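So the structure is just underneath, and the comments pick up after that.
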Amino acid sequence: MKEKNFNISKILYLDDRSPNEMFKKHQISVKYETEPPHGDAIYSIVIKEKLLPFWIYGRNIIFIGDTKVMVESVKCKTWSPVHSILIDLEKGMYADLMEWYTEITFFNNQIKMVNYFKEKDALILNNFDDLQWIDL
């Protein structure tokens, strides 16, 4: 992976009334579902007319380049445990990262994902093909 290939941008808090340009471009829509006792809003998410089988928190939505987005996810009708999900918008696939990662950086031509709130090992990706992808 080369750092120059990826621009990282973040939506700190989702406002479903004014969608991001990436949402429009990739036909992404969200619908408010619930809010945990001490947390941010949780949304269901539809991409290209397909309802995804998980909900997302409306915070820290990270766009990686023009085709990938990382979201904080929970099983439908729950609000924990939180997992990060990487969605490939171009290929119509997603990968559950099985942990919650709050930050993403480039490091020695690799992607490094960490969670500064939990003391877990960082996830280092040499390429996105290393993930187990599931069709939308």
Side-chain angles (χ1 to χ4, degrees):
M1 286 188 195
K2 302 261 187 238
E3 184 172 347
K4 66 181 181 180
N5 294 335
F6 298 104
N7 178 34
I8 295 177
S9 61
K10 185 186 279 193
I11 297 175
L12 295 177
Y13 292 98
L14 183 62
D15 181 355
D16 58 351
R17 292 166 291 174
S18 58
N20 175 284
E21 286 301 316
M22 287 284 282
F23 276 42
K24 292 177 188 174
K25 177 181 175 183
H26 292 285
Q27 303 169 22
I28 301 170
S29 62
V30 295
K31 177 185 162 214
Y32 174 84
E33 294 291 346
T34 191
E35 200 160 318
H38 302 289
D40 300 310
I42 296 176
Y43 298 84
S44 55
I45 181 169
V46 174
I47 299 177
K48 296 180 182 163
E49 301 182 7
K50 293 181 183 177
L51 179 65
L52 275 64
F54 50 83
W55 286 350
I56 66 168
Y57 271 88
R59 64 179 185 222
N60 295 327
I61 297 170
I62 301 172
F63 291 96
I64 307 164
D66 292 330
T67 62
K68 293 181 179 53
V69 61
M70 188 168 79
V71 296
E72 297 176 2
S73 165
V74 292
K75 289 181 181 178
C76 293
K77 301 184 183 196
T78 68
W79 52 72
S80 74
V82 179
H83 283 192
S84 292
I85 300 273
L86 187 63
I87 303 169
D88 187 317
L89 300 167
E90 185 175 67
K91 293 181 180 176
M93 304 178 91
Y94 69 92
D96 186 340
L97 303 180
M98 305 308 289
E99 288 289 340
W100 175 33
Y101 299 102
T102 58
E103 300 295 326
I104 182 170
T105 57
F106 287 98
F107 174 76
N108 292 336
N109 291 329
Q110 299 172 322
I111 289 181
K112 179 180 179 183
M113 298 181 193
V114 296
N115 181 334
Y116 293 115
F117 300 111
K118 291 181 162 186
E119 291 192 23
K120 295 275 185 181
D121 291 337
L123 174 64
I124 307 292
L125 292 176
N126 292 315
N127 63 63
F128 293 115
D129 295 333
D130 294 341
L131 300 173
Q132 182 177 356
W133 292 97
I134 300 167
D135 287 330
L136 294 180

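Predicted, not measured: the structure shown is a model, and the values here were computed from it.
Of the inter-residue distances, the one linking Thr67 atom OG1 with Ile87 atom CD1 reads 11.5 Å to the nearest 0.5 angstrom. Atom CZ in Phe54 sits 8.5 Å away from atom SG in Cys76 (nearest 0.5 Å). To the nearest 0.5 angstrom, Glu72 atom CD is 11.5 Å from Ile85 atom CD1. Atoms CG and CD, from Asp121 and Glu99 in turn, are 9.0 Å apart once rounded to the nearest 0.5 Å. Here the NZ atom belonging to Lys24 is positioned 13.5 Å from the OG atom belonging to Ser29, to the nearest 0.5 angstrom.
With Ile61 as the fixed residue, the side chain to side chain contact (heavy atoms under 4.5 Å, CB included) test singles out one of Leu12, Ile11, Ile45: Ile11. Considering Leu125, Leu86, Leu123, Ile111 as possible partners of Ile104, the one that fulfils the side chain to side chain contact (heavy atoms under 4.5 Å, CB included) test is Ile111.
Of the possible donor and acceptor atoms, none in the side chain of Ser84 sits under 3.5 Å from a partner among the backbone N and O of Leu97. No donor-acceptor pair closer than 3.5 Å links the side chain of Tyr57 to the backbone N or O of Val74.
Cluster annotation: Leu14 is not connected to Val82 through the hydrophobic network of ILVMFWY side chains, with a link wherever side-chain heavy atoms come within less than 4.5 Å.
With sequence neighbours excluded, the residues that form a side-chain hydrogen bond (donor to acceptor under 3.5 Å, both in side chains) with Glu33 are Ser44. Under the side-chain hydrogen bond (donor to acceptor under 3.5 Å, both in side chains) criterion, Asn115 pairs with no residue at all, not counting sequence neighbours. Scored by the side-chain hydrogen bond (donor to acceptor under 3.5 Å, both in side chains) test, Glu103 finds Lys10 as partners (sequence neighbours excluded). Residues meeting the side-chain hydrogen bond (donor to acceptor under 3.5 Å, both in side chains) test with His26, sequence neighbours left out: none.
Across all their heavy atoms, Lys112 and Val114 have their closest contact at CE-CG1, 3.7 Å. Of all heavy-atom pairs between Ile62 and Ile8, the closest is CG2-CG2, 3.7 Å.
Note: Trp100 and Phe117 have parallel aromatic rings, judged against thresholds of 30 and 60 degrees for the angle between ring planes.
Crowding of Glu35 atom CD: a count of heavy atoms from other residues, nucleotides or ligands under 6.0 Å exceeding 12.
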Just list the side-chain donor-acceptor pairs under 3.5 Å for residues 129-136, sequence neighbours left out, or say none.
residue: Trp133; atom: NE1; partner: Phe128; partner atom: O; Å: 2.9

Between side-chain atoms of residues 46-53 and protein atoms elsewhere (two or more places apart, or another chain), which donor-acceptor pairs fall under 3.5 Å?
residue: Lys48; atom: NZ; partner: Leu89; partner atom: O; Å: 3.1

